[in-house]
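Presented below is the structure to which this report refers.
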Amino acid sequence: MFITIEGADGVGKTTQAKLLADKLRENANFNVLLTGEPRHDGLGAVARQALLTATPLEALHLLAAARSEHLRSVIMPHLLNKALVDRIVTGFLDGRLPTGLQAPVVVCDRYIDTTFAYQVAGKGRVVEQVFLAASRDWHMPDLTIILDADEQAIEARLRARKAAMPNWSLSSENRLSDQLDEKFASERRRIVNAFRAPLQIDGRVVRTIDVTNLDAAQTHLAVMRAFQAASDERRERAGAMLGVPPRRQGVAA
Ligand SMILES: Nc1ncnc2c1ncn2[C@@H]1O[C@H](COP(=O)(O)OP(=O)(O)OP(=O)(O)O)[C@@H](O)[C@H]1O
Ligand SMILES: Cc1cn([C@H]2C[C@H](O)[C@@H](COP(=O)(O)O)O2)c(=O)[nH]c1=O
């Protein structure tokens, strides 16, 4: 299962992606990979650096290249789980069923919705067309969780992080979008609004959680509920394809 966590800078994505991955790792049925974009290596590092000065179109091209690399070298190998397939095939050939099989899960901190909100929404026809063409190559998430909050809550979180890590914004990855300056407030508003009108793509599952008044633990519970609902829907869809009747809640099997 491929899960993406999305939202504006400072809304709490990294906190929630980690809590979700940790929680799923407690369940022996899952093999969990936690990742995020842009990555800090390869083309992701190039795109990250370029974000400081690039135009939306330039950034989009670099981010698209970085995403293709991320999908090819990290996400898809985990989701396709070559090691698992090898074990099943070997077990089958040896005449014994493999035990302890784990379903692969990828939790990704930022993905396609971030690109749409930061580089595309309200930025003109050319970036829209480039985005649509590039996105045909991107594996779509099974579940996207968008964290939404009002402006004051986001500002408070950014300030708290800055206070906790005073050198954070001076690092080599100093990001324009994370400045607390009024100059960037309208861009931040545009980004928050873009996440409120998420991309319409057939069949995709998107849950928006308003985290304005939720602490990290309460948000985690809401994220777990979204994960559970999406997993149940997936199981029912797969069951329907195999002709299995849906499980009724609260009824013992
Ligand atoms: N529910 C919450 N309530 C209050 N503060 C929170 C909550 N979740 C996270 N924080 C704090 O807000 C700050 C930003 O959180 P986090 O780094 O997870 O956000 P982010 O969306 O990943 O940010 P960025 O996109 O800029 O990396 C951190 O200092 C974090 O401890
Ligand atoms: C994937 C992606 C990212 N960005 C920007 C948004 C943020 O300012 C940084 C990532 O910071 P983080 O602390 O690692 O979350 O990159 C973007 O503009 N477009 C994208 O597609």
Side-chain angles (χ1 to χ4, degrees), residues 4-22 34-71 75 107-123 127 130-131 134-135 138 141 144-150 152-166 168-169 171-180 184 187-188 190-192 194-195 199 209-223:
T4 55
I5 311 286
E6 299 274 15
D9 284 11
V11 76
K13 296 176 300 299
T14 305
T15 306
Q16 292 307 320
K18 188 170 179 327
L19 288 173
L20 174 62
D22 287 349
L34 174 60
T35 184
E37 291 194 356
R39 281 178 62 89
H40 292 266
D41 55 10
L43 295 176
V46 176
R48 215 171 240 286
Q49 188 58 35
L51 282 174
L52 299 175
T53 52
T55 65
L57 183 60
E58 290 162 355
L60 179 56
H61 282 297
L62 288 165
L63 288 159
R67 179 158 303 144
S68 294
E69 180 189 59
H70 189 198
L71 280 163
I75 295 175
V107 178
C108 189
D109 181 349
R110 295 191 184 276
Y111 193 65
I112 188 169
D113 292 272
T114 288
T115 313
F116 179 72
Y118 285 68
Q119 276 75 42
V120 181
K123 302 280 182 184
V127 280
V130 171
F131 175 78
S135 65
W138 299 337
T144 294
I145 295 175
I146 299 179
L147 304 183
D148 182 29
D150 70 23
Q152 288 86 346
I154 292 178
E155 278 229 8
R157 288 176 194 195
L158 289 172
R159 283 186 196 287
R161 183 170 60 190
K162 211 164 184 178
M165 291 189 262
W168 189 77
S169 67
S171 74
S172 58
E173 288 172 359
N174 180 12
R175 285 104 33 100
L176 294 178
S177 55
D178 205 22
Q179 303 278 322
L180 291 164
F184 300 100
E187 180 63 359
R188 227 181 25 247
R190 185 195 63 76
I191 289 167
V192 168
F195 280 115
L199 268 170
I209 302 173
D210 182 350
V211 301
T212 306
N213 297 309
L214 302 185
D215 65 20
Q218 291 166 325
T219 307
H220 175 57
L221 281 180
V223 167

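Predicted model only: the values in this text are computed from it and were never measured. Just follow the structure's listing: the first ligand is 1, and inside any ligand the first atom is 1.
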Quiz item: Can you list the ligand 1 atoms lying under 4.0 Å from a non-hydrogen atom of A216?
Solution: 1 (N), 2 (C)
Quiz prompt | Interfacing atoms of ligand 2 (cut-off 4.0 Å, heavy-atom, E37) | solution = 1 (C)
Quiz item: Is the closest heavy-atom distance from D215 to ligand 1 below 4.0 Å?
Solution: yes
Exercise. Check if R110 has a non-hydrogen atom at a distance under 4.0 Å from any atom of ligand 1.
Key: yes
Self-check item: Side chain, backbone, both or neither: K13 near ligand 2, heavy atoms under 4.0 Å
Solution: neither
Self-check item: Closest candidate by heavy atom, reference atom 26 (O) of ligand 1, pool K13, R161, H220
Solution: R161
Quiz item: Looking only at N/O atoms, are Q119 and ligand 2 under 3.5 Å apart anywhere?
Solution: yes
Quiz item: If you count the atoms of ligand 1 from 1 in the order shown, which ones are under 4.0 Å from a heavy atom of T14?
Solution: 18 (O), 20 (P), 22 (O), 27 (O)
Practice problem: Would you check whether V11 has a nitrogen or oxygen atom less than 3.5 angstrom from a nitrogen or oxygen atom of ligand 1? | Solution: yes
Quiz prompt | Short N or O distance, T114 and ligand 2, threshold 3.5 Å exclusive | solution = no
Quiz item: Is the shortest distance from a heavy atom of G7 to ligand 1 less than 4.0 Å?
Solution: no
Quiz item: Should L214 be counted as touching ligand 1, given the test is an N or O pair under 3.5 Å?
Solution: yes
Exercise. Check T114, D113, T144, D109 against T4 for a side chain to side chain donor-acceptor pair (under 3.5 Å) and give me the one that passes.
Key: T144
Practice problem: Using the test ring pair (Phe, Tyr, Trp, His ring centres under 6.0 Å), find all partners of F131 that sit at least two apart in sequence or belong to another chain. | Solution: F116, W138
Quiz item: Any idea which heavy atoms bring E187 and Y118 closest together, and the distance?
Solution: OE2-O, 4.4 Å
Quiz item: Considering only heavy atoms of T115, which atoms of ligand 2 have at least one such atom less than 4.0 Å away?
Solution: 20 (C), 21 (O)
Quiz item: Taking heavy atoms and a distance under 4.0 Å, where does R110 meet ligand 2: side chain, backbone, both or neither?
Solution: side chain
Quiz item: Short list, please: which atoms of ligand 1 are under 4.0 Å from a heavy atom of A8?
Solution: 21 (O)
Quiz item: Taking atom 10 (N) of ligand 1 as the point of reference, which of R157, Q16, Q218 owns the nearest heavy atom?
Solution: R157
Practice problem: Taking atom CG of N213 as the centre, report whether more than 12 heavy atoms of other residues, nucleotides or ligands fall under 6.0 Å from it. | Solution: no
Self-check item: Numbered atoms of ligand 2 (with element) below 4.0 Å of D9, judged on heavy atoms
Solution: 7 (C), 8 (O)
Quiz item: E69: what forms a side-chain hydrogen bond (donor to acceptor under 3.5 Å, both in side chains) with it, not counting sequence neighbours?
Solution: none
